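Here is the structure we will look at, set down as structure tokens.
In listed order, ligands and their atoms are each counted from 1. Note that the structure is a prediction, hence the values are computed from the model and not measured.
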Amino acid sequence: MDWLIGAAGALIVAGAAYRKRSLSESGAAAAILMGTIYYGAGNVFWFGTLLLFFITSTLLSRYGKQRKADLEKSYAKTGRRDAGQVFANGGIGMVLCLLNAWFPSDLWVFLFIGVMATVTADTWATEVGSLSRKPPRSVLNGKVLTAGESGGVSWVGSTAAAVGSILIGAGGWLLAGWSGMNAEILPCVLAALAGGLVGAFADSYLGATLQVMYRCRVCGKSVEVSHHCGEDTVRNRGAAWMSNDAVNLVSSLLGGAAAYGIAVLIAL
Ligand SMILES: [Zn+2]
């Protein structure tokens, strides 16, 4: 029965997101599969926390869309998410949800809170930070960067990351209580805050160091995509396998580890 409820819920949300052009066809299919598992193998806590990330990120990415239209062309992430991006954001959570169904443990729950805080913090920082009038600064050396460049951080973006993380922690705590799990607010919120900030900064740091970047042969810009201005781009730095999705994956794992670490410290 839970699987049917999950499938119906996921279908409604993914269908709406597809109609609003927030998800591509493959992205909608991935979201339906993911939502079904989050509810079927998990419960309202897992499904609701995923929704909290998804709905707030979608709304933020629509806010100020016109201003960002230019930026997005040099960016791997666009407003319309495909299956790869859906799995990059929700894939680890899905694995943790399944692990928790098979071997129930707080470990999976706090890793999940940290992972969801990371993807939320990262998205919020990117979306809100890109609206900032001040240019971002490099996470490596503090040099001023142009908006949208990898590895840029700003106070506006970092504040948004913290707020998004706290929302995941507080929302997760409410949802956990609602689904009959035994959760306290302080560990949930602090774990999410630590996880989100560690994950988002790891994302910026890896984005500025290991992530593969290309140069457009037409406009000369440094971009995350292998195609720009109608031509193939050339790699100019980073590890070829360290795509934007790979950076998200590694930083999510670091954010999850930070959240679990904080939860363990508080429990001592
Ligand atoms: Zn170009």
Side-chain angles (χ1 to χ4, degrees), residues 17-18 20-28 30 57-89 119 121-158 160-161 199-252:
Y18 176 72
K20 291 269 182 193
R21 304 186 62 82
S22 293
L23 288 172
S24 70
E25 273 165 45
S26 75
S57 308
T58 305
L59 291 178
L60 277 181
S61 68
R62 308 209 134 243
Y63 176 72
K65 201 161 198 223
Q66 228 20 62
R67 239 192 105 175
K68 284 183 297 195
D70 269 358
L71 272 182
E72 289 197 338
K73 283 183 201 140
S74 42
Y75 238 159
K77 292 173 195 167
T78 63
R80 207 156 194 204
R81 287 183 212 159
D82 62 19
Q85 287 161 321
V86 169
F87 281 115
N89 286 323
V119 293
D122 186 33
T123 310
W124 281 45
T126 306
E127 300 296 350
V128 178
S130 69
L131 298 173
S132 165
R133 280 169 209 285
K134 277 193 182 169
R137 283 172 179 277
S138 164
V139 71
L140 296 179
N141 53 26
K143 275 190 198 144
V144 172
L145 301 176
T146 51
E149 241 181 290
S150 285
V153 291
S154 65
W155 282 110
V156 176
S158 303
F201 275 94
D203 190 272
S204 288
Y205 185 79
L206 292 172
T209 52
L210 275 181
Q211 184 180 329
V212 63
M213 287 298 289
Y214 305 91
R215 186 163 299 281
C216 175
R217 287 184 294 186
V218 180
C219 68
K221 272 187 192 152
S222 184
V223 294
E224 287 180 349
V225 287
S226 57
H227 209 75
H228 203 247
C229 296
E231 295 267 346
D232 285 343
T233 52
V234 284
R235 178 155 70 95
N236 68 347
R237 75 154 167 86
W241 52 272
M242 200 55 146
S243 64
N244 186 256
D245 287 344
V247 167
N248 288 341
L249 192 87
V250 173
S251 22
S252 290

Side-chain ([X]) to main-chain ([Y]) donor-acceptor, under 3.5 angstrom:
| X | Y | result |
| --- | --- | --- |
| Asn89 | Gln85 | yes |
| Thr233 | His228 | no |
| Arg217 | Asp232 | yes |
| Arg237 | Gln211 | yes |

Around the Zn ion (ligand 1), what protein N, O or S atoms are found below 2.8 Å?
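Under 2.8 Å from the Zn ion (ligand 1) - ignoring waters, which are not counted - the protein N, O or S atoms are Cys216 SG, Cys219 SG, His228 ND1, Cys229 SG.
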Thr58: partners by side-chain contact (heavy atoms from CB on, under 4.5 Å), with sequence neighbours left out
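With neighbours one apart ignored, the set is Ser22, Phe54, Arg62, Arg81.
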Quick check: are there more than 12 heavy atoms from other residues, nucleotides or ligands sitting under 6.0 Å from OH of Tyr205?
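Result for OH/Tyr205: open.
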